[in-house]
Structure formats: structure tokens, C-alpha cells
Amino acid sequence: MQKFTIHRGYAIPLKLSNVDTDQIIPAKFCVGSSKFGHEKALFSHWREDPQFVLNKKEHGKASILIAGDAFGIGSSREYAVWALQNYGFKVIIASGYGDIFYNNALANGLLTIILPLSFIKNLWDLIEQFPNTEVTIDLLTQKVQALHLNHLFIIDEHIRERLLTAMDMIDCTLENIHNIIAYEKKHFKTCEK
Amino acid sequence: MGFTIAEKIWNNHKVFNINSKEDLIYIDLHLLHEVNTPQAFDILRNKNLKVRQPNLTIGTEDHNTPTQSIDKIIDNPVGLHQINMLRKNCAEFNIPLYRLGEPGQGIVHVIAPELGLTRPGMTIACCDSHTCTQGAFGTLAFGIGTTQVAHILATQTLALHLFKKMVITINNQLQNGITAKDLALTIISKIGVFGGKGYIVEYRGEAIMNMSMEARMTLCNMSIEFGAYTSIIAPDETTFLYLKKSANIEPYIFEEQVEHWRTLQSDKDAIFDKEVILDASTITSHVSWGTNPSQSVPLTGCIPNLESFATEELRKEAELSLDYMKLQPGTAMRDIPIDVVFVGSCTNGRIEDLRIVSEILKGHKVSKTVDMIIVPGSFAVRQQAIAEGLDKIFYEAGADFRSLAGCSMCVGLNDDKLKENHRSASTTNRSFQGRQGKGSFTHIVSPPVAAATAIMGRLASPADLID
């Protein structure tokens with residue numbers, strides 16, 4: 001996991017809501033035992049359509065995915081996050097996320113920003129008209145900017161801190177292992193009763 | 001102010017408060033399957049850590065396992081690799097594993113209750129979104145990702161964000177032949193795929209009290225399909241009776257346990273953030289028509305006209321769904337022909353589901369235009385079905401009752417896939433594009449509708465067989 005502070009890149013408008021993780025990566029590609037090498041499987045069914053937005057030449061270098069509402073619902077497969085990252089995405093913008101996907105994304109340092117659908121639609125229009133628009137996502141100032149469009153985004157301060165410092169949750173919890181040991185002593189005694 | 005059952009269990013398992021939004025929650029039971037775990041064990045190895053509580057952890061092989069014959073395991077090298085990884089990891093870290101074809105094996109959400117591992121008041125986690133199934137026993141059960149699996153393996157805890165509280169009260173009784181599946185589809189169609197986001201949902205009311213444990217599991221299983229954090233049903237006499245058979249606890253200890261389990265109720269003065277009330281007696285057989293589980297209608301109904309949707313967004317969603325499903329608005333659901341009927345999955349792969357299907361199939365033949373596949377949810381479900389002679393009924397009707405348990409055609413990770421342009425009626429939980437096979441179409445149905453559909457060759461209810 002890498003620290004996230006600011007990202008500048010091109011964006012891709014995925015003008016859909018309720019994109020489930022079966023679409024992000026079909027189950028048959030959730031294979032192997034690595035977090036890497038899943039880029040070809042990303043949206044693989046949809047990519048068979050030459051008109052699908054990921055296949056458009058003008059969006060070839062995109063690193064920011066802008067979807068509608070309820071992105072990443074359904075299956076808990078973390079392969080969905082890995083496939084997005086392996087393809088080159090650093091940031092997802094949507095107006096909402098499936099809970100498990102959201103947790104998985106943050107655990108891997110994939111920034112998932114929540115913005116109102118009205119602003120997302122403005123971004124889609126802008127990117128469609130000018131695909132070479134550079135979009136800036138600044139986690140320090142919590143701001144998204146693309147040409148004249150800009151919007152502040154809200155992110156939980158603790159999640160923001162984790163992304164800024166690339167904090168590892170396991171290491172963090174293990175620092176408090178004494179609390180877990182104390183809890184287990186009490187808990188197992190109660191369970192035995 | 002009183003507490004909800006979810007708050008009581010949560011507070012009992014709170015190790016400490018991480019920050020204003022999250023608690024560190026102790027996990028009593030951690031369930032593993034082969035697909036979403038190899039990377040978690042690598043995280044552990046890279047940090048040179050051990051599994052903190054291997055005795056609170058179990059593994060099973062269910063997602064990419066064959067259902068026809070154990071020899072076929074080698075036909076799917078990609079799946080076999082993950083199975084071998086799980087076998088190696090469980091052996092290395094001393095985790096009990098239920099291997100394909102052995103007693104105890106089956107779909108993770110089916111076996112945990114069967115083995116008596118799922119008990120009221122527990123916290124459970126599994127690398128699978130349908131873990132909410134276990135809430136039927138008055139547990140808090142969470143579907144998680146692979147990094148979180150590693151976190152539990154290393155610490156036996158999970159950092160969980162605080163939750164909102166929803167109660168869904170189902171008054172009155174379900175009509176004869178109407179199942180928990182129809183109720184679940186009705187709820188999802190009313191509140192949408194995102195309506196439960198952030199909520200731990202408690203189901204209660206007369207209809208819930210009258211449900212078997214199998215039916216409660218079906219209902220809780222589908223809670224993720226409206227985006228719920230998880231769901232729960234307070235334990236009662238039905239729960240205790242099930243556990244008396246499954247849990248293998250000394251009688252005098254069991255009575256003590258029951259006394260404790262009885263306290264796991266939401267207090268009368270507990271406050272919920274949201275309440276949904278439904279009248280069970282008004283609910284009829286529901287079937288999905290679209291590519292998400294909220295797009296469903298009564299079986300007697302038609303695919304909605306596009307003008308009927310409340311918002312532009314919903315209308316656009318419906319249009320895209322119908323375009324994929326190759327269906328037209330206004331089509332009567334019962335006019336939709338079906339190529340494959342699949343009975344199984346963590347939603348409806350239990351013995352009660354197989355009994356319902358066999359009762360309807362008895363004395364009938366599966367339509368010549370339909371392939372009917374029945375996959376038991378577990379080794380034990382299959383054994384019980386054979387003991388009751390259900391296998392003979394399936395055979396005589398022309399249905400293919402598979403010899404091994406697993407997720408099978410629900411997720412299409414083994415060779416049980418739908419062919420392109422084939423249309424299924426499935427007792428599963430998701431009608432997402434291509435989930436059962438690339439370019440295939442899924443209609444989610446209840447077990448009785450699945451059985452009647454197999455006989456009629458089109459979406460049908462058991463009542464249609466008499467006409």
C-alpha cells in the first residue's frame with residue numbers, strides 16, 4: 001500500500017449506477033493466489049464491446065474512474081479492487097459504494113471518493129467533451145478539480161489519515177494486542193459458564 | 001433507553017473503541033473458503049505471523065468445486081490451485097478443513113449452522129458477502145474482504161464502523177406456498193439495492209416467528225442484496241430446538257445456554273433509526289426480471305412499463321436491464337420460457353428447499369425443453385435427501401441431482417455454467433449480468449416456483465400445474 005496525497009490524471013466516465021463486483025471482475029477470473037495480474041479481467045465482459053468506454057482510445061491513459069451511484073455492490077471479492085488497481089486506477093469517484101467494496105478499496109489504498117451525482121454528471125459531460133482534461137484529486141485539501149469544475153469531498157478523518165500515512169491496520173491492531181489478550185481472558189471465562 | 005439485540009452483541013464483543021467511527025470487535029467464529037483467502041495467508045506469512053485462534057477458524061471447499069464427480073476436480077486446474085492453496089494453508093496453520101466429498105463439507109453458510117458452530121450471541125465473519133445468512137440464529141455475521149481475513153487471522157478481531165439500526169416488521173402470516181424467498185424479493189423490490197446501506201437490520205413479527213430456521217436463513221441471506229451491513233433475528237424456541245439437534249452440548253449446559261440466549265432480544269424501549277412494516281398475507285410469489293435483485297415483480301404480473309418508474313435513474317436502469325435480458329416491457333412473467341432450472345446455493349440449498357421441490361416434482365416430469373439441476377448445499381443435505389428418498393423423486397422426474405455439494409451454478413466457478421443466451425430460473429440470490437455464465441440470463445425464484453417452472457418449461461407457480 002502506498003501513501004496517497006495528491007493525484008493528477010485523466011478520467012473515464014462510466015455512466016452507470018449499481019455496478020456490481022461481478023461486472024468489475026467476473027467470478028471466473030477470480031483466480032490464482034496473487035493480488036497482481038488481474039488487469040485483463042477488469043470489466044472483461046463489457047470490454048468485449050468495442051464501444052465500451054474503456055475501449056475508447058481517448059480514455060486510454062485514464063487513472064480516475066467516475067461512476068454513478070452504488071458502485072461495487074454484491075460479492076465481497078477483493079479481486080475487484082486489485083483488478084482496478086492493476087489496470088492503473090488510483091481513484092474512483094461515485095456517489096455511493098457497496099460497503100464491503102469500500103472497505104476493500106481503502107485497505108489497498110485505492111481512494112474512493114463520494115460526490116453528489118449532480119456534480120458527477122457535470123464531470124461526465126466535461127470529460128466526454130474534453131477527454132484530455134487533467135483531473136486533480138487532493139486528499140490534503142479534500143478537493144477534486146477539473147478545469148472550471150471543483151468540489152470539496154467529505155471523507156472520514158480517520159480513513160483520510162490512514163490513506164495519507166499508508167497505515168497498516170494489522171500492525172496498528174497488533175500494537176494493542178494487550179487489549180485483545182485481556183478481552184479474551186474475560187470473554188472465554190463468560191463463554192465457559 | 002434500551003438496546004437492540006445487535007447493540008447487545010456488539011457491546012459484548014467490543015475490545016476497544018478505535019475512534020469516533022469504529023470499534024474493534026472480537027470475532028468468535030471465522031469461516032474460510034478457497035477463493036478469497038490465498039492472499040490473506042500470504043499477508044500473514046509476509047509479516048511472519050501465526051493464526052491467533054485456529055480453533056475459532058474453519059475452512060471449507062465450496063466455490064469452485066465440481067458437483068458431478070470428485071474426479072472432475074482436476075478438470076479445473078485454476079480452481080484446483082485455489083483448493084490446494086486452502087489445503088496447504090489450513091494444514092500449515094492448524095485450521096480444521098472440510099474437504100470436498102467428506103462429511104461436514106458444503107457451502108460455508110450451510111455447514112456452519114449444520115455443524116452447530118453458529119450459536120446465538122456470537123460474532124461471525126467470512127470472506128463472502130452472504131455471511132449475513134448466519135444472523136438467522138441471533139448472531140452478528142459480517143461479510144468481509146481478503147485483507148480483513150488477514151486481520152482476523154492475525155488478531156481474531158475486526159475494525160468495524162458503527163452502524164445504524166433498522167427493523168423490518170413482518171405482520172401476519174405468509175400464505176401457503178409463499179416462502180421466505182418471496183418475502184426477501186418483495187422487501188428488496190420495495191427498498192432497492194442500496195436501501196439497507198449502513199444498517200444492521202432486525203427482522204421480527206408474526207411471519208418471522210412462524211418461520212423454520214431454514215426459512216430464516218433464506219431471508220437473512222438476501223439482506224446483502226439491499227445493501228444491509230448485516231441482519232439478525234432474535235433467537236426463540238425454534239432456534240433452540242434446531243441447536244438442540246445440531247450443537248452437541250451436554251443437556252444441563254444446554255439449558256443454561258438457553259437461559260442466556262433468551263436474553264438476546266431487543267429491549268421494548270430500544271429505538272431504531274428506521275422501521276419498515278409489511279403485511280405477510282399480501283405477499284405472493286416473486287420473480288426477478290432484471291439484472292439486479294430489486295427488479296422483481298409478482299409472478300402473476302408483467303415486466304413493468306418504462307413509464308411506471310418513479311425516477312429517470314430507475315427508468316434508465318430498467319432499460320439497460322431489459323436490453324441485456326432480451327425482454328420487453330409488458331411481457332407476462334408466466335410467458336417467459338426457461339432453459340435451465342437450478343435449485344441450490346446458500347439461499348435455497350437446504351433440506352427444506354429440496355423437500356419442497358420434491359413434493360411438487362412428485363408424479364410429474366421435467367419439461368423436455370428444460371435441464372433441471374439440483375445441487376445440495378452440503379454433504380449432510382445430500383445424505384438427508386437420500387435418507388428421505390428425495391433422490392428417487394428427482395430421478396423419476398428427470399432432474400439431475402448432483403452428487404457433490406457446493407455453490408455451483410449460483411456463481412458459475414465450476415463447470416456448471418449457463419450457456420450464452422440460455423435463460424435460467426434459479427433459487428439463487430443474484431441476477432447480475434453474466435453471473436451464471438457469460439451472456440446468460442437469470443431469473444431469481446423460490447423453490448416451489450423453480451419446481452413448477454421445470455415442469456412447465458416457463459416461469460410458473462405450483463398452482464399452474466393444476467389448471
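Chain naming here is simple, since letters A, B, ... match the order of the sequence lines and numbering starts at 1 in each.
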A/Lys61 atom NZ, neighbour heavy-atom count above 12 within 6.0 Å: no
Nearest heavy atoms of A/Ile100 and B/Ile144, plus distance in Å: CG2-C, 3.9 Å
A/Arg77 and B/Val411, any side-chain heavy atoms less than 4.5 Å apart: yes
Within 6.0 angstrom of B/Lys8 NZ, more than 12 heavy atoms from elsewhere: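 For B/Lys8, atom NZ is crowded (more than 12 foreign heavy atoms under 6.0 Å).
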Portion of B/Arg435 that has a non-hydrogen atom of chain A nearer than 4.5 angstrom: both
Under 4.5 Å from a heavy atom of chain A, the part of B/Gln53 involved: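 Contact with chain A: side chain only.
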Proximal component of B/Asn414, with respect to chain A [non-hydrogen, under 4.5 Å]: neither
Least distance between heavy atoms, B/Pro38 atom then A/Gly32 atom: CG-O, 4.1 Å
Contact origin within B/Glu34 toward chain A - heavy atom pairs under 4.5 Å: neither
Check: A/Tyr183 side chain, B/Ile25 main-chain N or O, donor-acceptor pair, under 3.5 Å: no
Under 4.5 Å from a heavy atom of chain A, the part of B/His161 involved: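 It is the side chain, since no backbone atom gets that close.
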Contacting moiety of B/Gln433, where chain A heavy atoms sit under 4.5 Å: both
Test log, rule salt bridge (charged side-chain N to carboxylate O under 4.0 Å, His left out), inputs B/Lys438 and A/Glu48: CA-CA 11 Å; B/Lys438 199 179 90 182; A/Glu48 287 181 21; 2.8 Å; yes
Contact summary for B/Thr146 and A/Glu78, nearest pair of heavy atoms: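 Taking B/Thr146 first and A/Glu78 second, the nearest heavy atoms are N-OE1, 2.6 Å.
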Any donor-acceptor pair under 3.5 Å from B/Gln156 side chain to A/Glu184 backbone: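 No, B/Gln156 side chain to A/Glu184 backbone: no donor-acceptor pair under 3.5 Å.
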Euclidean distance, A/Asp99 CG relative to B/Lys197 NZ, rounded to 0.5 Å: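 Rounded to the nearest 0.5 Å, the NZ-CG separation comes out at 4.0 Å.
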